[in-house]
Amino acid sequence: QLQLVESGGGLVQPGGSLRLSCAASGFAKNYPTMNYYTIGWFRQAPGKEREGVSCISASGSSTKFLDSVKGRFTISRDDAKNTVYLQMSSLKPEDTGVYYCAAGRWVLGLCLDDREYERWGRGTQVTVSS
C-alpha cells in the first residue's frame, strides 16, 4: 500500500521559510508511480479543524492554494524522486500546525477537500514563533 512520509518541519521565526517534503513509497501494482496521484497538503492548528493548504494534480499541470497562503507558498512535484514539495515563505504565526500530505487516485476537482484522498502521512510540525 502507498505510504507517505512528510519531513522538513520545524521552528521558524515569522517571515522565515521552510520547505516540506512528501515522499511516497509502496505504490500499488496498477498505479506504480507518483504521477498517478493528486497530492494535497493539509494542516491542522491546535484546537482547529484540518484545512487544505495546497494541492497539485497528477500531471502537475494544475495547482490550488488556500487563499491565506497564496503568494507565499508554492507546491511542486518531482515524480522521478517520488516526492512533492511545499515551499513556504513569509511564514506567519497563523501558519503554525501539523502539516500532512495526502494522495488521491481519483481526485475530481475539490483537491483541497480532505475527503478526496485515500492515503495520508503522519504529519510534520511547523511552528512559527518569535
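Just so it is clear, the structure is predicted and the values come from calculations on it, not from any experiment.
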CG on L4 to OH on Y37, rounded to 0.5 Å
9.5 Å
S68 and R43: which non-hydrogen atoms are nearest, and at how many Å?
OG-NH2, 3.7 Å
If I take atom CG from residue L20 and atom OG from residue S7, how far apart are they, to the nearest 0.5 angstrom?
8.0 Å
Could you give the distance from CZ (R77) to SG (C22), rounded to the nearest 0.5 Å?
9.5 Å
Rounding to 0.5 Å, atoms CD (Q1) and CD (E118) come to a distance of 12.5 Å
Test your reading of the model: is there a side-chain donor-acceptor pair from R72 to the backbone of S90, 3.5 Å cut-off?
yes
Under a 4.0 Å threshold between the charged nitrogen and the carboxylate oxygen, would K92 count as salt-bridged to D95?
no
Does V53 share a hydrophobic cluster with V5, counting links as ILVMFWY side-chain heavy atoms below 4.5 Å and allowing steps through other members?
no
Donor-acceptor contact present, side-chain E6 to main-chain C101, <3.5 Å
yes
Kindly compute the distance separating OG (S89) from CG (L18), expressed to the nearest 0.5 Å.
9.0 Å
Check the pair C111, Y117 against side-chain contact (heavy atoms from CB on, under 4.5 Å), reporting the backbone distance first and the verdict last.
CA-CA 8 Å; C111 65; Y117 295 87; 3.4 Å; yes
Kindly compute the distance separating OG (S54) from CG (L112), expressed to the nearest 0.5 Å.
7.0 Å
Single-linkage hydrophobic cluster V98~W120, side-chain heavy atoms < 4.5 angstrom
yes
Any idea how Y99 and F73 line up, ring-wise: parallel (<30°), tilted (30 to 60°), or perpendicular (>60°)?
tilted
